[in-house]
**Q** 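Supplied in structure tokens, the structure appears directly below.
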Amino acid sequence: MATKKKTVSKKTSARATPSRGTAKRTTPAKPSAPAARARKPRASARPKAAPRRATPRAAKASKARSTEYRPQEFEAAWMATWEASHLYKTTPADERPKAYILDFFPYPSGDGLSVGHCRNYVPTDVLSRYHRMRGYNVLHPMGWDAFGLPAENAAIKLKTNPAKLIERFSANYKRQFRLLGISFDWDREINSSKPEYYRWTQWIFLQLYQAWFDPRTKRARPIAELEAELARRGSGDISGAKPMTAEAWTRMTLAQQREYLSTFRLAYRAPAEVNWDPVDKTVLANEEVVDGRGWRSGALVERKRLMQWFFRITAYADRLLADLDTIDWPEHIKTMQRNWIGRSEGAEVDFATQAGPLRVFTTRPDTLWGATFMVLAPEHAAVARLTTPEQRAQVEAYAASARRMSEADRTAAEKDKTGVSTGAYAVDPVDGRRIPVWVADYVLSGYGTGAIMAVPGHDERDFAFALKYGLPILPVIDRTDGLTKSFALGGTMKEGFAEALRREAIPFEERQGSLYITIPPAKVERYIEIAAQHVRPDSWNEVVGTRWLFIFADGLQRWDGMESEQRILARCQALEPDVRGKRTVMEMLHSVEFYRDALFHAEYGDMIHSGEFSGTPGEVAVARVTQWLEREGKGTRRVNYKLRDWGISRQRYWGTPIPVVHTEQGEVPVREEELPVRLPDVDSYEPTATGESPLATIPKFVNVTLPDGTRGRRETDTMGTFACSSWYFLRFADPHNKEAAFDKEQAAYWLPVDMYVGGAEHAVMHLLYARFWTKVLHDLGFVPFVEPFKRLRNQGMILAPDGKEKMSKSKGNVITPDEVIAEYGADALRAYEMFISEFEQTTPWNTNGLAGTYRWLRRAWELLLARATPPPAGETTPALDRDLARITHKTLRKVSGDIEGFRFNTAISALMEFTNAIGEAAGRPVSAEVYHQALDALLLMLAPIAPFLAEEVWHRLARKGSVHQQRWPAFDAALAVDETVTLVLQVNGKVRDRLVVPADISEVQAREMALASESIKRWLEGRVPRQVVVVKGRLVNVVV
RNA sequence: GCCGAAGUGGCGGAACUGGCAGACGCGCACGACUCAAAAUCGUGUUCCCUUGCGGGAAUGAGGGUUCAAUUCCCUCCUUCGGCACCA
């Protein structure tokens, strides 16, 4: 093994000593106990102690600088040295390529970081350090998402100020980041709760407020341009706008104009449903409502309509969807965003009623002939108008109870559909049928038009509703699965029916004398013939599924609409008095449970029972009907989105104040030069008894006089924190700018973010909002790009060691980086965070596993410091030199590719193999030159991963400067080439022999060598090969 | 229910574009060192049969394509994540 020299680098003493800097203070878990204490078993002191055996600190401490690997002796001092020399300060734009590597904006919590959180901070740091060595200008910043409920609630509980808490918590995070050796540029630290920051959040709010989305160009434009256009020519061709002539516009009062404009603004105020806690008398966030009850009061939460602020993100739905194709993000995140946006194409169709037309949205206009009733959301404006006097009481009671129910209750009762009839009727525009209008809460007021046509034959929800309330079902789309059924009630068929079916191989089940027949698609016609022959004259049989018909002894009766229905019912009633009660054929059918799955399907099939459209193929049905509707003026093409506008109002203290003042003439935005609207310092910021923001109770804040003398009342809602985090990545480009949110050129240089890393929990919140703001800022000319994050990666979760649970304070299973670093040092922790598994994979923590990376680093340390060891006396061997050079360059290629491809676990494993190879070479006759090149490559490749170790070794070897200012070693492809390969020989796909052959062996040679192999001959047993497959440089497979 | 991801030794996990399954590490066993233990070093370690040589089976289950499947296709099971009446 490498010699353990006791000599110490002469430079060592010139450098930081362990007592210097913050070493002792920043490692609180590190006992300063003397050596004797440290060696005593301390199991009793820490019941759940990490295993002691691999513990470096068990080694005896010594005052003298030792060659033994003791990371605790130098890590903290190096961090202090690096910061003092501004090693990681981001430099201004220059000719180097840039790399912006960013972690999700963290909210600093009182619990600090766990080893699970380090899963993303360590790899992004490695990536940043790697890019610096590759000659990139790197921006790798950190800041605090400081506003929001957690801090506010914690502050209320601890009776302190949230700003003070954030100060404390973020300082702790910062301490932990330093322990870990993360190379953030702290000169760019930002805090979203500071006026210097939220001033610009308010500024962006104003940009949104002063802008509208022009549907003709699909871009945001200044609202002033809209005002000018309205004055000149009215609302004209602006789709979606409430019609307005130029004349009418100019006649409107200022307040009326403001109201009209608010239907365009990207930031607007509108009434909306909120969660209302009647005991605490406060509005709650959705997260604060658990199982329909307020989390603190336990009271049933009600819904209340209040004026709320929104951002009009729905205007950008199409662009947010389309641009997903241009970014390198995990596919599942893109899918989640697509589903969240929820685009669906369809048509809007008007149904006539006595109270005027009722408009519905449908994605299945091809099923219009199968609509048998309509359903309105309880909140629909037409409910009151339509409801007949007899139904009024019932409908109003139903609407009231629906209003009282929370969102959670509504969805909890998902399975069981409820509703009441309005007593009114509507006319289906395609065939003039009269159908009843119902009210039910399974129709949502916020989507489409809040009204639907119900097609129970082809919509699962409508089917369930129709079954419950006995509404008719009409099949109008042919089945694609071929399912066809018939139920032959005992006594309705003649003798020999079952026997005839058996002969024809039509399977059936017999229960209590009745036959349950599922007819194979190819036998349907044959079945009809047999049934017609066997049906008794006093009865009938029916076929359901791909065919809809009744079989009587004297002939078949197709069931394809209202007329045939009447004929069928009349005949059946004549034969069977029980049928008298039934009003529709479908009611007869769905009383037979066996038919249930044959009555309904939601596939796109050929149209049937649809007048002249019958027979239209399924692939073109929707398009043809939509065209026809438009031509006939019965409907229009229409796209709808599930996405709703982004509600930002919070009736809370700890957030960015919304910069608006309410006057008698309507709302007035605060002028840019008066920003920021400061959050006042107050003693009490608990939610008020009225449910208003606590800011509403502060007259000095609320009462304002505008420059023109108008008296006004300041908006007291604050913005939810997602507003703060929707632009912070821009602020990092220019964090101290006092004149602007960011300098345009700085933003254009650094952004978009090249690599963005964080958890998947923000897939549809932050990541959607940030994309939206970026697009608006682009449209308004502030940034030249439309997507903020070019590449995104989600780290997998780290579970508790049991592999089942997440780490959480309440379960007491949190492992902190502090304790691990005290034990093994930061470098071993960093290496283990990367080595533990593939980056995106969830995996359990195992502190034992750290012993592996620790041992590896120690071996590397010993080899690196013992440079003088080889070669032993004697001649060097060219073959060994070539082998060592080869693995050096292969490792370089592998590690570079792995870091860039986010495969940190295999990068570590390649470095471990490389270290092992150097260790083996150390005892052999290799030339000093090749050996030292290998060591240098190892040291430089370790620099991003184990920055402390690499720097300490660099220093002890008396090299100049910092290892972190060095270039990544150069790769030589020629040296990485293999000279020989192992050729695998197979017989019938099974490995029977292996040969070491020159790498460039020809296919012919390989084939000959394989057939000449003794073991191959043995396995052939004299048989002649039928085929020989040769894969060049890999294998030969002999097939007999 | 729908959408997405994933199932490989005792454990974490490797395996390029279909070409030697189990790299690397943990753990375990044996050996060296030690009075002893820890640490360290060395050897071995998928399972089954075999003293050995060697052979057979195996990547959630079943089937398919192929000279060859962890990898491609079909059916099913399990786990995790997301959405949840969006017409």
Side-chain angles (χ1 to χ4, degrees), chain A residues 1 39 41 51-56 58-59 330-336 338-340 342-344 346 360-364 367 375 410-411 413-415 417 440-444 446-455 458-462 464-465 640-644 760-761 763-764 794 796-797 799 801 803-804 831-832 835-838 840-853 855-856 858-859 897 903 905-913 916 982-991 993-994 1025-1040:
Chain A
M1 215 24 251
R39 261 195 291 168
R52 300 269 122 193
R53 281 181 305 184
T55 301
E331 209 44 56
H332 68 275
I333 300 285
K334 291 200 204 178
T335 305
M336 277 167 75
R338 285 189 192 106
N339 293 342
W340 190 261
R343 179 191 155 99
S344 38
V360 303
F361 173 71
T362 176
T363 56
R364 294 296 302 268
T367 63
V375 186
R410 262 200 187 187
T411 48
E414 174 194 335
K415 285 261 155 60
K417 299 238 171 338
D441 65 2
Y442 83 90
V443 172
L444 308 174
Y447 182 79
T449 63
I452 62 157
M453 63 170 194
V455 185
H458 306 291
D459 182 282
E460 206 180 340
R461 297 148 302 182
D462 299 342
F465 195 80
N640 263 322
Y641 300 93
K642 281 204 264 185
L643 186 68
R644 308 292 163 85
E761 68 273 13
V764 289
N794 298 120
M797 234 186 326
L799 303 173
K804 289 269 160 241
Y832 186 64
F835 185 60
I836 189 165
S837 84
E838 199 275 322
E840 304 211 336
Q841 194 171 315
T842 295
T843 194
W845 182 259
N846 177 6
T847 299
N848 285 338
L850 261 154
T853 51
R855 284 199 277 256
W856 164 55
R858 188 184 50 205
R859 267 200 316 279
R903 296 182 295 269
N905 55 335
T906 49
I908 300 289
S909 110
L911 281 169
M912 286 173 164
E913 287 180 83
N916 293 343
T982 302
L983 191 67
V984 172
L985 307 185
Q986 297 180 330
V987 176
N988 288 338
K990 286 188 190 271
V991 181
D993 202 1
R994 293 186 176 89
R1026 249 189 320 127
Q1027 192 190 350
V1028 180
V1029 181
V1030 182
V1031 181
K1032 202 170 179 325
R1034 277 234 151 91
L1035 64 64
V1036 179
N1037 187 12
V1038 183
V1039 185
V1040 290

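So you know, we letter chains A, B, ... as the sequences are listed, proteins then strands, and number each from 1. As the structure is a computational prediction, the values presented were derived from the model and not from experiment. The figures here come from the full heavy-atom set of this structure, side chains too, leaving out hydrogens, waters and symmetry mates.
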**Q** Which base, if any, makes a Watson-Crick or G-U wobble pair with B:A14, both distances under 3.5 Å?
**A** none
**Q** Given atom CG of A:L799 and atom C1' of B:G13, what is their separation to the nearest angstrom?
**A** 15 Å
**Q** Kindly compute the distance separating CG (A:L799) from CG (A:N846), expressed to the nearest 0.5 Å.
**A** 12.5 Å
**Q** Compare every heavy atom of A:P801 with every heavy atom of A:P844, then report the nearest pair and how far apart it is.
**A** CB-O, 4.2 Å
**Q** Working note: A:Q986 + A:V991, criterion side chain to side chain contact (heavy atoms under 4.5 Å, CB included); need CA distance, chi angles, decisive distance, verdict.
**A** CA-CA 4 Å; A:Q986 297 180 330; A:V991 181; 4.1 Å; yes
**Q** Which value, in whole Å, describes the distance between the C1' atoms of nucleotides B:G12 and B:U46?
**A** 16 Å
**Q** So does A:A454 get a backbone contact from the side chain of A:D459, meaning a donor-acceptor N/O pair under 3.5 Å?
**A** no
**Q** How far does the C1' atom of B:U34 sit from the matching atom of B:C24, given to the nearest Å?
**A** 31 Å
**Q** Could you state the atom-to-atom distance from CZ of A:R364 to P of B:A87 in whole Å?
**A** 12 Å
**Q** When the distance from CG of A:L985 to P of B:G19 is rounded to whole Å, what number comes out?
**A** 18 Å
**Q** In whole Å, what is the span from the CG atom of A:N846 to the C1' atom of B:C28?
**A** 14 Å
**Q** Counting only side-chain nitrogens and oxygens, does A:R855 get under 4.0 Å of the OP1 or OP2 atom of B:A39?
**A** no
**Q** When the C1' atoms of B:U59 and B:G18 are considered, how many whole Å apart are they?
**A** 15 Å
**Q** For the P atoms, the ones on B:G52 and on B:A37, what distance do you get once it is rounded to whole angstrom?
**A** 30 Å
**Q** Measure from CZ on A:R338 to C1' on B:C2 and round the result to the nearest Å.
**A** 17 Å
**Q** Under 3.5 Å, which N/O atoms of the protein pair with N/O atoms of nucleotides 14-18 of chain B?
**A**
| unit_1 | atom_1 | unit_2 | atom_2 | d |
| --- | --- | --- | --- | --- |
| B:A14 | OP1 | A:N905 | ND2 | 3.0 |
| B:C16 | N3 | A:R1034 | NH2 | 2.8 |
| B:C16 | N4 | A:R1034 | NH2 | 3.3 |

**Q** Between A:Y442 and A:V375, what is the shortest heavy-atom contact and its length?
**A** OH-CG2, 3.7 Å
**Q** Just to verify, what does A:R338 make a salt bridge (Lys or Arg N to Asp or Glu O under 4.0 Å) with, not counting sequence neighbours?
**A** A:D325, A:E331
**Q** When the nearest nucleotide of RNA chain B is assigned to A:R343 and to A:A910 on a heavy-atom basis, which residue is associated with the more 5' position?
**A** A:A910
**Q** Is B:G81 paired to anything, Watson-Crick or G-U wobble with both distances less than 3.5 Å, and if yes, which nucleotide?
**A** B:C3
**Q** Nearest 0.5 angstrom please: A:N1037 CG to A:N988 CG, how far?
**A** 7.0 Å
**Q** Would you say A:T842 reaches B:G81's phosphate, i.e. side-chain N/O to OP1/OP2 under 4.0 Å?
**A** no
**Q** Look at the side chain of A:V443 and decide which nucleotide, out of B:G4, B:G82, B:A87, has an atom nearest to it.
**A** B:A87
**Q** Applying a 4.0 Å non-hydrogen cut-off, can you work out what A:R994 is touching in the nucleic acid: base, sugar-phosphate, or nothing?
**A** base
**Q** Please name the nucleotide paired to B:G27 by Watson-Crick or G-U wobble geometry with both distances under 3.5 Å, or report none.
**A** B:U45
**Q** For B:C26 versus B:G19, give the span between their P atoms, rounded off to a whole number of Å.
**A** 29 Å
**Q** Mind checking who B:G9 pairs with, Watson-Crick or G-U wobble, both distances under 3.5 Å?
**A** none
**Q** Only pairs with both distances under 3.5 Å count, Watson-Crick or wobble alike; so what is the partner of B:U40 in this structure?
**A** B:A32
**Q** Atom CD of A:E761 and atom P of B:G4: how far apart are they, to the nearest Å?
**A** 22 Å
**Q** Start with the C-alpha distance between A:I452 and A:Y447, add both sets of side-chain angles, then the distance that settles side chain to side chain contact (heavy atoms under 4.5 Å, CB included), and finish with yes or no.
**A** CA-CA 10 Å; A:I452 62 157; A:Y447 182 79; over 6 Å; no
**Q** Provide the closest heavy-atom pair for A:S344 versus A:T363 in the form atom of the first, atom of the second, distance.
**A** CB-CG2, 3.9 Å
**Q** Tell me whether the centres of the aromatic rings in A:W845 and A:Y832 are closer together than 6.0 Å.
**A** yes
**Q** Please enumerate all residues that pass salt bridge (Lys or Arg N to Asp or Glu O under 4.0 Å) together with A:D462, with sequence neighbours excluded.
**A** none
**Q** Taking the minimum atom-to-atom distance to the side chain of A:F361, which one of B:C24, B:A87, B:C85 wins?
**A** B:A87
**Q** Whom does B:C72 pair with, Watson-Crick or G-U wobble, provided both distances fall under 3.5 Å?
**A** B:G64
**Q** Taking only side-chain N and O atoms of A:Y832, does any of them lie within less than 4.0 angstrom of OP1 or OP2 on B:G25?
**A** no
**Q** Whole angstroms only, please: what is the CZ-C1' distance between A:F835 and B:G12?
**A** 8 Å
**Q** Where the side chain of A:W340 is concerned, which of B:G13, B:G25, B:A84 is the nearest nucleotide?
**A** B:A84
**Q** Sticking with atom C1', work out how far B:A69 lies from B:G63, rounded to a whole angstrom.
**A** 14 Å
**Q** Measure the NE2-CG distance between A:H332 and A:N339 for me, rounded to the nearest 0.5 Å.
**A** 12.5 Å
**Q** Mind calculating the distance between CG (A:L983) and P (B:G19) to the nearest angstrom?
**A** 16 Å
**Q** Give me the distance, rounded to whole Å, that separates B:A14 from B:G22 when you measure between the C1' atoms they each carry.
**A** 7 Å
**Q** Suppose you measure atom C1' in B:C16 against the same atom in B:A21; what distance do you get, rounded to whole Å?
**A** 15 Å
**Q** Using a cut-off of under 3.5 Å, enumerate the N/O to N/O pairs linking the protein to nucleotides 52-57 of chain B.
**A**
| unit_1 | atom_1 | unit_2 | atom_2 | d |
| --- | --- | --- | --- | --- |
| B:G56 | OP1 | A:R992 | NH2 | 3.3 |
| B:G56 | OP2 | A:R992 | NH1 | 3.1 |
| B:A57 | OP2 | A:K990 | NZ | 2.9 |

**Q** Keeping A:R859 on the side-chain end and A:M912 on the backbone end, is there a donor-acceptor pair under 3.5 Å?
**A** no
**Q** Produce the list of close N/O pairs, under 3.5 Å, pairing protein atoms with atoms of nucleotides 64-71 of chain B; give distances to one decimal.
**A**
| unit_1 | atom_1 | unit_2 | atom_2 | d |
| --- | --- | --- | --- | --- |
| B:C67 | O2' | A:N1037 | ND2 | 3.2 |
| B:C67 | O2 | A:N1037 | ND2 | 2.6 |

**Q** Could you pull out all residues at least two apart from A:R1034 that satisfy salt bridge (Lys or Arg N to Asp or Glu O under 4.0 Å)?
**A** none
**Q** Is the base of B:G44 syn or anti, if syn means a glycosidic angle within 90° of 0?
**A** anti
**Q** Tell me, with the steps shown, if A:T362 and A:M453 meet side chain to side chain contact (heavy atoms under 4.5 Å, CB included).
**A** CA-CA 8 Å; A:T362 176; A:M453 63 170 194; 3.6 Å; yes
**Q** Quick check on RNA chain B: between A:M912 and A:T335, whose nearest nucleotide comes earlier from the 5' end?
**A** A:T335
**Q** Within the structure, does a side-chain N or O atom of A:S344 lie under 4.0 Å from either OP1 or OP2 of B:A87?
**A** yes
